[in-house]
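For ligands, and for the atoms within them, numbers begin at 1 and follow the listed sequence. Because the structure is predicted, anything quoted here is derived from the model rather than measured.
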Amino acid sequence: MTDDSDIIAAARAAMARAYAPYSRFKVGAAVRGASGRLYAGCNVENAAYPQGWCAEASAIAAMVMAGETRIVEAAVMGGGDALCTPCGGCRQKLYEFAGDELPIHVCGPQGLRRTVTLGELLPLAFGPENLT
Ligand code: THU
């Protein structure tokens, strides 16, 4: 798609790298750090099924490895008819590095389907501030 924004293009490119031989459900994700840099990741499944992990987790790991700890924008792209929103665990993983206002672009292969906030997906979240 030529009209993808940069973050959606990154999620799309990551989706193409997905390792999903078991579910056949490929997902790509991208997060923008406070620096403006984008970090992308895909889901990585495993023959021992519970050991697989989500695209969002891969993208967050890439961001942390680059030295960033603040997410200002996120995008997820998956197939299927339903919205590919981040799973419960990934909502919590995102919240570690962002707040309620984080925009998450939920995309399908045709592009953006809907933009939601992390606060909509994970209301009354428990985060680092709860430990202070
Ligand atoms: N998956 C993700 O990578 N991110 C999501 O937001 C939803 C689900 C992956 C996990 C698994 O590899 C496959 O999609 C099917 O659940």
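- Proximity to Glu45 (heavy-atom distance under 4.0 Å) selects the following atoms of ligand 1: 11 (C), 12 (O), 13 (C).
- For Gly52, the heavy-atom gap to ligand 1 stays at 4.0 angstrom or more.
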Stepwise side chain to side chain contact (heavy atoms under 4.5 Å, CB included) check, Ile104 with Leu118: CA-CA 7 Å; Ile104 303 170; Leu118 185 55; 4.0 Å; yes
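- Of all atoms in ligand 1, listed by their number and element, those nearer than 4.0 Å to a heavy atom of Ser23 are 13 (C), 15 (C).
- No donor-acceptor pair closer than 3.5 Å links the side chain of Gln51 to the backbone N or O of Asn46.
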Go through the steps for Ile60 and Ile71 under the test side chain to side chain contact (heavy atoms under 4.5 Å, CB included), then give the verdict. CA-CA 9 Å; Ile60 291 168; Ile71 299 173; 4.1 Å; yes
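- Taking every non-hydrogen atom of Val27 and a distance limit under 4.0 Å, the qualifying atoms of ligand 1 come out as 1 (N), 2 (C), 3 (O), 4 (N), 9 (C), 14 (O).
- The distance from ligand 1 to the heavy atoms of Cys54 drops below 4.0 Å at these ligand atoms: 1 (N), 2 (C), 3 (O), 4 (N), 10 (C).
- Of all the heavy atoms in Pro109 and Gly79, the pair that sits closest is CD-CA, 4.1 Å.
- Residue contacts with ligand 1 include Thr85, since one of its heavy atoms falls under 4.0 Å from the ligand.
- The shortest N/O to N/O separation between Asn43 and ligand 1 falls below 3.5 Å.
- For atom 16 (O) of ligand 1, the closest heavy atom belonging to the protein is Phe25 CD2, 4.8 Å.
- Criterion: ILVMFWY side-chain heavy atoms under 4.5 Å apart, direct or through other members. Under it, Met77 and Phe25 are not part of a common hydrophobic cluster.
- Under a 4.0 Å criterion applied to the non-hydrogen atoms of Cys87, ligand 1 contributes the atoms 6 (O).
- For the pair Glu56 (side chain) and Val76 (backbone), a donor-acceptor distance under 3.5 Å is absent.
- Using a distance-only test at 3.5 Å, with no hydrogens or angles considered, a donor-acceptor pair links the side chain of Arg113 to the main chain of Ala82.
- Ligand 1 places these atoms under 4.0 Å from at least one heavy atom of Ala55: 2 (C), 3 (O).
- For ligand 1 and Glu56, the ligand atoms under 4.0 Å from any heavy atom of the residue are 2 (C), 3 (O), 4 (N), 5 (C), 6 (O).
- Judged purely by atom type and a 3.5 angstrom limit, Arg32 has no side-chain atom pairing as donor or acceptor with the backbone of Ala74.
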